[in-house]
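This report concerns only the one structure given below.
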Amino acid sequence: MTEIEIRLARELPAYAARVLEALEAAGYEAWVVGGWVRDALLGASGHDVDVTTSAPWQETARVLRAAGIEVHETGTAHGTVTAVVDGSPVETTTYRVEGAYSDRRHPDEVRFVTDVREDLARRDFTVNAMAFHPKRGLLDPFDGEKDLAARVIRAVGEPRRRFEEDALRVLRAVRFACRLDATIEPATQAALVTCAPELSEIAQERIGQEMDGILATGHAAWALRHEFSVLCVAVPELAPMAGFDQKSPYHAHDVLEHTARVCAGVEEFTGGRPMAALRWAALLHDVAKPACWSEDVSGRGHFFGHPEEGARVARRVMERLAIPREVVRAACALVRLHDFEIRATAPSMRRMLAELEALAPGQARELAFALLDLKRSDAVAKAPACMGYAVELDAMSAVLRRELAGGGVWRARDLAVGGADVIRERGVDPGPGVGMVLAQLLAAVMAGEVKNEREALLAWLRW
Ligand code: ATP
Ligand code: MG
């Protein structure tokens, strides 16, 4: 065993080793495969562990249960069961290959095989096609270790055929390239571009998962710059961004390069941990600019209404891709408000919170910081003249933090009085009138005209 193999053997979690041991004690062969091996070689052994085995799934279930391990029959049609050892799940799948892919989406059949090498050969990229065993070491028939070290995404086997079998691999290639900071090997890249149109046959929901996965790598900027034609097949609404000259003194770049910079910016300003909605908003914030463009008499470009139209496009795209409802709402709120004018004053911050609350109820607090991060990224991605605004935004963050720490008020329910007080003090009947008074009161508090203290509010109501 090489030094690296010894390290991997040491780092393999004990719960995974137990699954391997139980299967092998019963006379079967078993290996750790896929993501864990790849990430562990890179020095990050925290990936969940997948096991591949010669045992038919019924046997896997029987053997593991006999060893006192809990087993769930999670995907038996594909030979998969999930073992749960000490609370950790280990997906365990019988060696298999896929049959003909007549609809380019689902393998028509899976065929179970006896040789682990056949199982590795059906996997998508060389870096994902390695198996590891703590005693036998690394099994790497396609030189995945070398590609991983060189940061290259290379299809296993004939690239064209592999993408034709399953067009989703086109997006997977982009996602892994982003994630591993890799390049795509030229023949694989050529096949990927040729086969990208076949993505249209893939379920929108699966495309959505891959797009979300690409954003989650934090390297969407790379994908926009290097694989834009592929992204446009997945999300056709992106296409007009390329080469669109903004004819504006505020913009040194076309919408596409600007968007790539904003995507990189939200990573930078959040230390690589933006919320999912912020990543989607960065990608889509200017998506409607080309459609909203007009030129004035001086030849300067304007984009009236692009945040509103952008939010509509973002909603359409994200809903089609089956992104979770909360994320859609939050992302659309950010797109809608990315040009909302704000100043470093408490009333301005409260207005921003109220706008966010109206668009994404319950998410205003988190989204307020996300919106400042989006605005900051947007500013530095425009033209050098806009950099000063980024500094102003720091002052706004400070005001926002102070406002929230001081129990900020931006919803009627934050007020220190309620509907019953309005009915009593104003003598109005229960009904919509109460809400209107509360809204006025909220506006007065948000504008700083009255303090959010019970006595002060009651006095305001009586007055
Ligand atoms: P992640 O951390 O993104 O889950 P992963 O390597 O675990 O990375 P999965 O999508 O969970 O990726 O798939 C597990 C393994 O199954 C992959 O490493 C790859 O070997 C194989 N695989 C998954 N999807 C495909 C596919 N569409 N075509 C070929 N092989 C695939
Ligand atoms: Mg996985």
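We count residues from 1, following the sequence as given.
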Could you tell me whether [X] atom [atom1] has more than 12 heavy atoms of other residues or ligands within 6.0 Å of it?
| X | atom1 | answer |
| --- | --- | --- |
| R320 | CZ | yes |
| Q204 | CD | yes |
| R160 | CZ | no |
| E3 | CD | no |
| R161 | CZ | no |
| R136 | CZ | yes |

When you check the gap from the basic side-chain N to the acidic O, do [X] and [Y] get nearer than 4.0 Å?
| X | Y | result |
| --- | --- | --- |
| E267 | R279 | yes |
| R172 | D124 | yes |
| E73 | R65 | yes |
| R62 | E59 | yes |
| R18 | E21 | no |
| R225 | E257 | yes |
| E319 | R325 | no |

Please check if the side chain of [X] supplies one atom and the backbone of [Y] the other of a donor-acceptor pair under 3.5 Å.
| X | Y | answer |
| --- | --- | --- |
| D140 | E145 | yes |
| S397 | L393 | yes |
| T92 | T82 | no |
| R329 | L359 | no |
| R261 | D378 | no |
| T194 | A190 | yes |

#### Entry: Pi-cation contact, F269 with R376 (under 6.0 Å, within 45°)
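Ring-cation test returns yes.
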
### Task
Let me see the working for V116 and L139 under side chain to side chain contact (heavy atoms under 4.5 Å, CB included), right down to the final yes or no.
CA-CA 9 Å; V116 64; L139 180 61; 3.4 Å; yes

Heavy-atom closest pair, residues [X] and [Y]:
| X | Y | result |
| --- | --- | --- |
| V32 | L12 | CG2-CD1, 3.7 Å |
| F125 | R169 | CZ-O, 3.5 Å |
| H306 | K289 | CD2-CG, 3.6 Å |
| A260 | A221 | O-CB, 3.3 Å |
| R336 | E308 | NH1-OE2, 3.5 Å |
| H253 | A381 | CD2-O, 3.3 Å |

Let me confirm one number: the [atom1]-[atom2] distance from [X] to [Y], rounded to the nearest 0.5 Å.
| X | Y | atom1 | atom2 | value |
| --- | --- | --- | --- | --- |
| T270 | M275 | OG1 | CE | 11.0 Å |
| E341 | M352 | CD | CE | 13.5 Å |
| R123 | N128 | CZ | CG | 8.5 Å |
| T188 | E158 | OG1 | CD | 9.5 Å |
| H226 | F228 | NE2 | CZ | 13.5 Å |
| E237 | L231 | CD | CG | 12.5 Å |

Side-chain donor-acceptor contact under 3.5 Å, [X] with [Y]:
| X | Y | value |
| --- | --- | --- |
| D286 | T259 | no |
| H133 | E24 | yes |
| W280 | D212 | yes |
| Q189 | E227 | yes |

### Message
As a test of understanding, state which of I342, V262, V380 forms a side-chain contact (heavy atoms from CB on, under 4.5 Å) with K375.
### Response
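Result: among I342, V262, V380, I342 is the only option passing the side-chain contact (heavy atoms from CB on, under 4.5 Å) with K375.
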
#### Entry: Step-by-step side chain to side chain contact (heavy atoms under 4.5 Å, CB included) determination, E70 to H72
CA-CA 7 Å; E70 193 183 318; H72 300 274; 2.8 Å; yes

### Task
Just do the side chain to side chain contact (heavy atoms under 4.5 Å, CB included) check on L334 and L367 with the steps written out, would you?
CA-CA 7 Å; L334 294 173; L367 285 180; 4.0 Å; yes

### Message
salt bridge (charged side-chain N to carboxylate O under 4.0 Å, His left out), that's the test. Do R7 and E11 meet it? Break it down for me.
### Response
CA-CA 6 Å; R7 174 173 70 78; E11 290 176 359; 3.0 Å; yes

### Query
Are the aromatic ring centres of H338 and H285 under 6.0 angstrom apart?
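H338 vs H285: aromatic centres under 6.0 Å.
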
### Task
Tell me, with the steps shown, if V97 and D119 meet side chain to side chain contact (heavy atoms under 4.5 Å, CB included).
CA-CA 6 Å; V97 294; D119 182 276; 6.0 Å; no

#### Entry: Mutual orientation of the aromatic rings belonging to F132 and W36 [parallel < 30°, tilted 30-60°, perpendicular > 60°]
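F132 vs W36 ring planes: tilted.
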
### Message
Checking R151 against D181 for the salt bridge (charged side-chain N to carboxylate O under 4.0 Å, His left out) test, could you report, in this order, the C-alpha distance in whole Å, the side-chain angles of both residues, the deciding distance, and whether it holds?
### Response
CA-CA 7 Å; R151 308 271 168 176; D181 233 333; over 6 Å; no

